[in-house]
Amino acid sequence: MLEDQEMSVQEAAAVVQDARARARKELVISTPIVYAAWGLVWLLGYGGMWLSVRGQHPYSGPSGVSIAAVFVLAGIAITTVLAIASKAVAGIDGQSVRHRRVLVMTWAVGYLALLIVGPAISSSVSTRTLAFISFAGPVLLAGLVYILAAALGRYRPAFALGAWLVIIGTSCAWLAPATILATCALAGGGAFLLMAAIETGLRRHGS
Amino acid sequence: MAAETQLDPVIHAPARLRVVVTLASLPDRDNLSFTRLQELLGLTPGNLITHLRKLEDAGYVTTVKTGSGVTARTSVSLSQQGRQALENYTAVLRQLLDSASTNGSSPH
């Protein structure tokens with residue numbers, strides 16, 4: 001059956017609205033959930049490390065437990081984000097997919113580099129420098145990746161988030177290690193959570 | 001039925017309208033697999049093929065077959081002409097709806 005039945009103007013408008021809503025739900029990655037996942041990782045991860053160094057005199061670095069917690073939280077967030085993204089982009093191919101691969105690879109390679117560089121130079125740099133590289137490095141990297149994403153035409157609202165993260169990361173150069181952790185937790189994690197709230201509001205308004 | 005005749009007859013059919021709107025939600029230069037499109041729209045493969053042929057004949061969609069055997073994939077994308085056609089269609093639709101609500105009558 002060709003299904004070329006007659007359709008009134010009102011019915012057509014309803015079809016358009018329904019098809020748009022369905023496509024938005026099924027084919028678009030839920031950015032509120034992605035932002036919320038990263039926001040919680042940063043808030044709880046950096047926050048946990050900050051709690052472990054509070055009152056340390058002299059500063060000796062976050063506890064092993066708090067560092068392990070960061071990796072566990074990050075693992076959960078990555079798994080969640082990958083699951084959401086895989087479902088949304090299943091069957092889609094083209095330029096946006098290639099761009100997304102570049103962004104993910106940039107992020108992964110960048111974080112891997114930071115994980116390697118930190119311990120490698122730990123004995124030859126000051127505690128403050130090491131703290132900046134280890135804690136603010138990921139923030140700077142995330143900021144640059146979001147700016148790149150915006151430049152590629154993907155997630156344009158993320159330019160503001162990227163710029164903010166670069167500002168936060170850069171400002172950490174003047175902060176003590178414990179303050180870097182608190183700043184990354186609140187200003188960094190908080191920014192992601194704010195983006196989640198903004199994107200949720202935009203989606204509700206748009207739908 | 002005068003109002004509906006102003007609308008592009010290629011697009012103005014429930015299934016084809018849904019195809020075009022769904023494909024328009026993808027970014028430029030992206031395509032969607034036939035299988036995923038079929039799942040999203042809930043059409044049978046034969047039904048979808050028939051509608052895609054009509055849209056392709058009008059130059060609104062492009063279908064590309066890649067691979068062979070198990071890895072064979074048919075991808076569907078909206079052409080620039082298709083995007084423009086949908087824009088024109090929704091613009092006319094909006095005008096007709098506004099006119100109907102102004103006149104207080106149904107454009108049947």
Side-chain angles (χ1 to χ4, degrees), chain A residues 1-31 83-104 148-159 199 202-203 206-207, chain B residues 1 3-4 6-7 9-44 46-48 50-51 53-54 64 66 73 75-77 86 89-90 92-101 106-108:
Chain A
M1 191 172 69
L2 194 59
E3 212 201 287
D4 261 7
Q5 69 255 37
E6 289 170 1
M7 184 169 56
S8 72
V9 174
Q10 286 83 2
E11 284 165 342
V15 167
V16 170
Q17 196 173 1
D18 180 66
R20 275 193 185 138
R22 182 102 203 261
R24 242 196 325 265
K25 184 172 170 249
E26 300 285 336
L27 298 176
V28 178
I29 295 173
S30 173
T31 45
I84 290 167
S86 303
K87 185 170 175 280
V89 305
I92 299 177
D93 201 2
Q95 189 179 66
S96 75
V97 173
R98 289 191 289 276
H99 285 170
R100 192 173 294 113
R101 280 193 200 123
V102 165
L103 294 170
V104 170
L148 178 60
L152 288 172
R154 309 294 306 145
Y155 315 118
R156 283 200 176 90
F159 178 80
E199 289 279 307
L202 285 174
R203 280 181 173 225
S207 63
Chain B
M1 297 298 249
E4 285 81 7
Q6 298 177 46
L7 295 163
V10 174
I11 295 179
H12 190 62
R16 289 197 295 277
L17 182 53
R18 284 159 62 209
V19 168
V20 171
V21 170
T22 300
L23 294 176
S25 72
L26 298 174
D28 270 344
R29 298 186 221 177
D30 271 12
N31 57 70
L32 190 60
S33 71
F34 177 92
T35 311
R36 184 92 199 272
L37 182 61
Q38 187 220 321
E39 279 167 15
L40 277 170
L41 301 179
L43 298 172
T44 62
N47 207 347
L48 180 55
T50 306
H51 287 299
R53 269 201 197 118
K54 196 152 187 176
V64 175
T66 53
R73 180 184 190 270
S75 58
V76 188
S77 58
L86 179 62
Y89 178 90
T90 51
V92 172
L93 192 66
R94 218 171 290 124
Q95 281 171 12
L96 292 173
L97 286 167
D98 289 344
S99 148
S101 60
S106 167
H108 277 286

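So you know, we letter chains A, B, ... as the sequences are listed, proteins then strands, and number each from 1.
- For chain A, no part of B:Arg94 is nearby; none of its heavy atoms comes within less than 4.5 Å.
- Across every non-hydrogen atom of B:Ser77 and B:Leu23, the tightest pair is C-CD1, 4.2 Å.
- Proximity to chain A (any heavy atom under 4.5 Å) is restricted, for B:Leu26, to the side chain, taken from C-beta onward.
- The shortest side-chain heavy-atom distance between B:Val19 and B:Lys54 does not fall under the 4.5 Å cut-off.
- Of the atoms belonging to B:Ser33, heavy atoms from both backbone and side chain fall under 4.5 Å from chain A.
- One distance of note links CZ of B:Arg73 with OG1 of B:Thr35; it measures 8.5 Å at 0.5 Å rounding.
- For the set A:Asp18, A:Ile92, A:Asp93, the entry with the most heavy-atom pairs within less than 4.5 Å of chain B is A:Asp93.
- For B:Thr22, the parts lying near chain A are the backbone and the side chain together; criterion is any non-hydrogen pair under 4.5 Å.
- B:Leu41 has its side chain out of reach of B:Asn47: every pair of non-hydrogen atoms, C-beta onward, lies at least 4.5 Å apart.
- For a residue to count as touching a neighbouring chain, one of its non-hydrogen atoms must lie under 4.5 Å from one of that chain's; by this rule B:Tyr89 touches chain A with the side chain only.
- Heavy atoms of A:Val28 lying under 4.5 Å from chain B are absent altogether.
- Note that CG of B:Leu7 is 6.0 Å distant from CG of B:Leu93, once rounded to the nearest 0.5 Å.
- The line from OG of A:Ser8 to NE2 of B:His12 is 7.5 Å long, rounded to the nearest 0.5 Å.
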